[in-house]
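Here's the structure, in structure tokens; my notes come after.
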Amino acid sequence: MSDRVLIIDFGSQVTQLIARRVREAGVYCEIHPFNRVSVESIAAFGARGVILSGGPASVADFGSPRAPDGLFGMGLPILGICYGQQALCEQLGGKVEPGDHREFGRAMLRLVQPCALFDGVAAAGDEVQVWMSHGDRVTAIPPGFKVVATSEGAPFAAIANEDRRFYGVQFHPEVVHTPIGKQLLSNFVHKIVGCAGDWTMKAFRAQEIAKVRQQVGKGRVICGLSGGVDSSVVAALLHEAIGDQLTCVFVDTGFMRSGESEQVVSVFRDRFNIKLVHKDASDLFLSKLAGQTDPEKKRKIIGATFIDVFEEEARAVGGADFLAQGTLYPDVIESVSFTGGPSVTIKSHHNVGGLPERMNMKLVEPLRELFKDEVRALGRELGLPDDMVGRHPFPGPGLAIRIPGQELTRERLDILRKADAIYLDEIRKAGLYDVIWQAFAVLLPVRTVGVMGDSRSYDYACALRAVTSTDGMTADFYPFDMAFIGRVANRIINEVKGINRVTYDITSKPPGTIEWE
Ligand code: XMP
């Protein structure tokens with residue numbers, strides 16, 4: 001087992017970023033909510049060090065969160081961040097007061113004495129930029145602690161008791177606005193906690209394969225393959241673990257983008273030699289959706305039809321004992337909610353939601369411990385093609401939710417598919433694919449008048465959308481230069497019969513969503 005660090009979550013919006021940074025440093029970590037940890041659970045987890053996250057509460061408030069008292073007697077190195085620092089101070093005999101200097105945003109941190117946390121990043125007397133976000137502040141540090149750094153609004157911006165290996169920072173090292181933060185967290189987990197940094201996707205691959213073999217034994221596994229990153233990585237990993245005990249079912253809705261269905265078949269059946277059922281169900285999906293234009297009804301019909309087809313195909317191959325799913329770590333983290341007590345946020349995998357219960361199969365979820373960027377790294381490690389592993393997110397209902405306001409037909413899908421392919425081709429050629437979170441074309445339910453050559457045209461308009469985002473929850477439209485947009489529009493109008501006008505969507509999320517439906 002890799003050396004591991006436990007992050008105790010006090011409900012900060014950015015707790016996940018702490019975990020990301022620690023893992024980027026090659027150290028396995030998990031996030032556990034403060035109200036679910038105890039000295040016993042920390043020991044059982046095998047933590048070599050503990051990080052206390054930030055959080056929205058005030059330590060001065062009655063009943064506000066604390067670390068388990070016994071934590072400080074376990075002999076483990078501890079790093080408190082923001083609220084975590086305040087809780088640590090308060091629990092060890094220091095003092096925290098509501099701040100009259102609230103500090104939000106960039107601040108300058110001045111180092112006053114050397115400290116292992118800042119090794120190689122800053123020396124006494126240096127000033128470095130950090131990101132602050134706090135109301136309360138520490139006004140007296142606990143016995144045995146020294147002040148390591150100060151800022152204008154936080155006289156105890158970084159503190160340490162190096163004998164006990166307890167550290168606290170008022171700022172947020174996990175966000176990119178603290179440029180030294182990455183190194184600081186790396187110093188904590190490597191130099192202070194002493195973790196080896198052996199959490200790599202190469203190691204994970206071997207470890208997970210052994211785990212899957214043990215879980216599955218001689219059982220049979222079925223995996224729904226969509227061509228997306230998560231299900232592709234699950235399929236490749238399981239195939240390596242259990243070979244022909246795995247059958248993949250690719251339900252082709254007919255709403256895939258240009259060339260995608262062919263790629264799934266050629267990669268998994270031809271290259272990896274995986275048992276793959278490719279079910280072309282496009283007629284069925286189109287007939288079920290006949291006459292439908294309401295987005296929610298479309299989604300519901302697509303979801304239900306998908307489950308029916310998947311079940312039928314699973315029965316046709318003789319059933320299975322296990323269903324494989326591409327559940328990721330962000331879907332299983334129990335985050336602390338201060339509005340309604342601790343809440344469990346578990347998002348069911350879009351297309352196969354509800355399947356496990358209906359099909360009475362056990363689940364195999366080999367990606368449960370991974371963040372998305374780790375899944376991509378694992379995919380590369382397993383030899384999946386780069387364009388599959390680095391693919392933009394694509395919704396389960398596919399192109400069906402990119403033809404708003406009109407009935408879905410093969411003709412409309414074909415028009416949209418061609419426009420979308422040209423747009424993505426130009427984005428790739430311009431070297432922009434990887435800086436954009438998601439880009440796609442939408443076929444609009446309006447026809448407009450145009451003139452091509454000497455003739456009048458009366459064709460569809462399409463909209464282009466491109467956004468940047470970190471998690472899909474919020475997004476900004478991508479500011480292409482006009483020459484680029486003009487080039488794409490020209491190509492679409494010239495090459496796609498049926499479209500004579502192109503617009504660019506400049507809505508951010510919120511108030512828009514990324515998809516149009
Ligand atoms: P919205 O449109 O809500 O989308 O801003 C946020 C992200 O989720 C994707 N999306 C879906 N993904 N099944 C999925 O797997 C769906 O039904 C679905 N709807 C939206 C969307 O593409 C974006 O990345």
Side-chain angles (χ1 to χ4, degrees), residues 176 227-229 255-260 262-263 372-373 376 385-395 398-406 411-453 455 457-517:
V176 290
V229 183
F255 306 138
M256 304 287 279
R257 287 171 295 190
S258 181
E260 268 177 342
E262 295 80 357
Q263 186 187 36
K372 191 84 177 186
D373 46 349
R376 293 205 160 97
D386 258 351
D387 59 345
M388 194 170 239
V389 168
R391 202 181 82 155
H392 286 172
F394 186 60
L399 300 184
I401 56 167
R402 294 178 181 172
I403 304 187
Q406 55 191 336
E411 187 206 2
R412 288 176 184 145
L413 285 161
D414 281 343
I415 292 175
L416 175 59
R417 209 172 266 126
K418 283 181 192 144
D420 190 71
I422 290 170
Y423 182 35
L424 289 178
D425 178 50
E426 288 294 331
I427 286 177
R428 283 206 174 86
K429 279 195 204 143
L432 296 174
Y433 191 83
D434 292 336
V435 294
I436 290 170
W437 162 269
Q438 206 169 355
F440 53 90
V442 177
L443 190 69
L444 301 182
V446 284
R447 287 176 183 249
T448 74
V449 174
V451 51
M452 283 184 94
S455 323
S457 67
Y458 186 56
D459 284 327
Y460 287 115
C462 88
L464 303 179
R465 181 111 170 102
V467 295
T468 53
S469 176
T470 46
D471 52 12
M473 304 296 283
T474 59
D476 288 315
F477 73 86
Y478 187 75
F480 287 120
D481 73 56
M482 282 296 155
F484 175 85
I485 286 285
R487 198 159 65 238
V488 176
N490 246 332
R491 270 197 67 192
I492 290 177
I493 292 165
N494 282 317
E495 296 174 36
V496 184
K497 203 163 165 289
I499 293 180
N500 69 353
R501 194 176 293 267
V502 174
T503 65
Y504 186 57
D505 178 356
I506 52 165
T507 320
S508 290
K509 173 182 179 176
T513 54
I514 295 176
E515 302 290 344
W516 277 45
E517 284 193 336

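Worth knowing before you read on, the calculation uses all heavy atoms, side chains too, and leaves out hydrogens, waters and symmetry mates.
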Under 3.5 Å donor-acceptor, D425 side chain and A421 backbone: no
Closest contact, heavy atoms only, A441 versus Y423: N-CD2, 4.1 Å
K429 atom NZ: more than 12 heavy-atom contacts under 6.0 Å: yes
Worked check of side-chain hydrogen bond (donor to acceptor under 3.5 Å, both in side chains) between R447 and Y458: CA-CA 6 Å; R447 287 176 183 249; Y458 186 56; over 6 Å; no
Partners meeting side-chain hydrogen bond (donor to acceptor under 3.5 Å, both in side chains) with R391 (sequence neighbours left out): E260
Row check, F440 ring normal vs R465 NZ/CZ: under 6.0 Å, within 45°: no
Donor-acceptor under 3.5 Å (N500 side chain, T448 main chain): yes
Side chain Q438, main chain P393, donor-acceptor under 3.5 Å: yes
side-chain hydrogen bond (donor to acceptor under 3.5 Å, both in side chains) partners for D386, two or more places apart: R380
Pairwise side-chain contact, K509 with T474, heavy-atom cut-off 4.5 Å (strictly under): no
Approximate separation, where rounding is to 0.5 Å, of Y504 OH and F484 CZ: 8.5 Å
Exam field: side chain K418 to backbone E495, donor-acceptor pair closer than 3.5 Å: no
Nearest-0.5 Å distance that lies between atom OG1 in T470 and atom NZ in K372: 13.5 Å
Partner set under side chain to side chain contact (heavy atoms under 4.5 Å, CB included) for V176, not counting sequence neighbours: none
Main-chain N/O of L464 paired to D505 side chain as donor or acceptor, under 3.5 Å: no
Charged tip of R257 within 45° of F394 ring normal and under 6.0 Å: yes
From CA spacing to verdict: side chain to side chain contact (heavy atoms under 4.5 Å, CB included), L413, I403: CA-CA 8 Å; L413 285 161; I403 304 187; 3.8 Å; yes
Distance in Å, I427 CD1 paired with D434 CG, rounded so as to fall on 0.5 Å steps: 11.0 Å
Heavy-atom pair with the smallest gap, counting every atom of I415 and G498: CD1-CA, 4.2 Å
Beyond-backbone contact of V467 with D476, side-chain heavy atoms, under 4.5 angstrom: no
Minimum side-chain heavy-atom gap E517-V442 below 4.5 Å: no
Spatial distance of atom OG (S469) from atom CD1 (I514) [nearest 0.5 Å]: 5.0 Å
Side-chain donor-acceptor pair present, Y460, R501, cut-off under 3.5 Å: no
OG-CD1 distance between S457 and I499, expressed to the nearest 0.5 angstrom: 11.5 Å
Test item: L416 and R402 side chains (from C-beta on) under 4.5 Å apart, heavy atoms: yes
Working for side chain to side chain contact (heavy atoms under 4.5 Å, CB included), residues L443 and Q406: CA-CA 9 Å; L443 190 69; Q406 55 191 336; 4.1 Å; yes
Side chain to side chain contact (heavy atoms under 4.5 Å, CB included) evaluation trace for W437 with Y478: CA-CA 9 Å; W437 162 269; Y478 187 75; over 6 Å; no
N/O donor-acceptor pair under 3.5 Å between R376 side chain and V389 backbone: yes
I436 side chain reached by F480 side chain, heavy atoms, under 4.5 Å: yes
Whether H392 and Y433 hold their rings parallel, tilted or perpendicular, with breakpoints at 30° and 60°: parallel
Spacing of L432 atom CG and D481 atom CG [to the nearest 0.5 Å]: 8.5 Å
Any V502 side-chain heavy atom under 4.5 Å of I493 side chain: yes
Check: T513 side chain, E515 main-chain N or O, donor-acceptor pair, under 3.5 Å: yes
